[in-house]
Amino acid sequence: MLIVNTKKRHFKSKKESALSDALIMLVLMAGAVLLFVVMCISRRANIAEELRGLQIYDPAVLIFLFMAIYAVFSVIKHFIYKMNVRTILEKGTKWQGTITGTTTNVLPGRPSGSKWYIYTVSDENGRTVQTDRYISDHVDKFRLKICTVYEYKNRFYFTDFL
């Protein structure tokens, strides 16, 4: 008996993960604030005085500022991406694409296990487009062959992988 995969799947691309990145930064920042408060309490120091004593060039302050800027940037990037996706879904044309290949890129400066996967998708006329980057090779893992593609002004959104 042949079992056919009929469950449509949507996988988050790297662009769709920007909000998760911001959330991770906010959790790390909350941990840093909690650590600062605990250290002040353990030394019986006045938190307000300790904050006034911090200088902008202190490494801890610079790291905290970087994390805050990164979190804000990630949230803005996420909402811009979501607005673009909404436009593509509302105004774009929908077509069924055939997944014809996978390109694997190793992230520079990272361990060999850190990879991006970009899928090549073709339409019935033979035109090919590439998906966004994915962190996991979903096509190989789930033996996926087709997906739904939304296209608007040469921008694409990929979903409903089968």
Parallel, tilted or perpendicular: which describes the rings of Tyr150 and Tyr157, with under 30° parallel and over 60° perpendicular? tilted
Could you label the plane-to-plane angle of the Tyr134 and Phe11 rings as parallel, tilted or perpendicular, counting under 30° as parallel and over 60° as perpendicular? perpendicular
In the structure I gave you, are the side-chain heavy atoms of [X] and [Y] within less than 4.5 Å of one another anywhere?
| X | Y | result |
| --- | --- | --- |
| Val33 | Phe64 | yes |
| Phe79 | Val75 | yes |
| Asp137 | Thr104 | no |
| Phe161 | His138 | no |

hydrophobic_cluster_shared for [Y] and [X], side chain cutoff 4.5 Å:
| X | Y | value |
| --- | --- | --- |
| Phe36 | Ile56 | yes |
| Val149 | Phe142 | yes |
| Leu35 | Ile47 | no |
| Leu19 | Met83 | no |
| Tyr70 | Leu23 | no |

Identify the heavy atoms of [X] and [Y] that sit nearest to each other, and give their distance.
| X | Y | answer |
| --- | --- | --- |
| Ile146 | Gln96 | CD1-NE2, 3.0 Å |
| Ala22 | Ala71 | CB-O, 3.6 Å |
| Arg155 | Ile88 | CB-CD1, 3.7 Å |
| Arg127 | Glu151 | NH2-OE1, 2.7 Å |
| Trp95 | Val121 | CZ3-CG1, 4.3 Å |
| Gly92 | Tyr152 | CA-CB, 3.7 Å |

Distance (rounded to the nearest 0.5 Å) between [X] [atom1] and [Y] [atom2]:
| X | Y | atom1 | atom2 | answer |
| --- | --- | --- | --- | --- |
| Leu28 | Ile63 | CG | CD1 | 11.5 Å |
| Asp160 | His10 | CG | NE2 | 9.0 Å |
| Asp140 | Ile99 | CG | CD1 | 11.0 Å |
| Ser136 | Trp116 | OG | CH2 | 15.5 Å |
| Ile80 | Lys15 | CD1 | NZ | 11.5 Å |
| Asn46 | Arg52 | CG | CZ | 7.0 Å |

Stepwise side-chain contact (heavy atoms from CB on, under 4.5 Å) check, Asp21 with Lys14: CA-CA 10 Å; Asp21 293 348; Lys14 180 64 179 146; 3.5 Å; yes
Working for side-chain contact (heavy atoms from CB on, under 4.5 Å), residues Tyr117 and Lys141: CA-CA 12 Å; Tyr117 299 92; Lys141 181 178 180 181; over 6 Å; no
Check this for me, if you would: do Asp132 and Lys12 make a salt bridge, where the nitrogen-to-carboxylate-oxygen distance has to be below 4.0 angstrom? no
Determine whether Met39 and Glu50 satisfy the following criterion, side-chain contact (heavy atoms from CB on, under 4.5 Å), listing intermediate values before the conclusion. CA-CA 11 Å; Met39 288 177 63; Glu50 291 292 324; over 6 Å; no
Is Asp58 reaching over with its side chain to a backbone N or O of Ala60, donor-acceptor style, under 3.5 angstrom? no
Judged by atom type as modelled, is there a donor-acceptor pair below 3.5 Å linking the side chain of Thr100 to the main-chain atoms of Thr120? yes
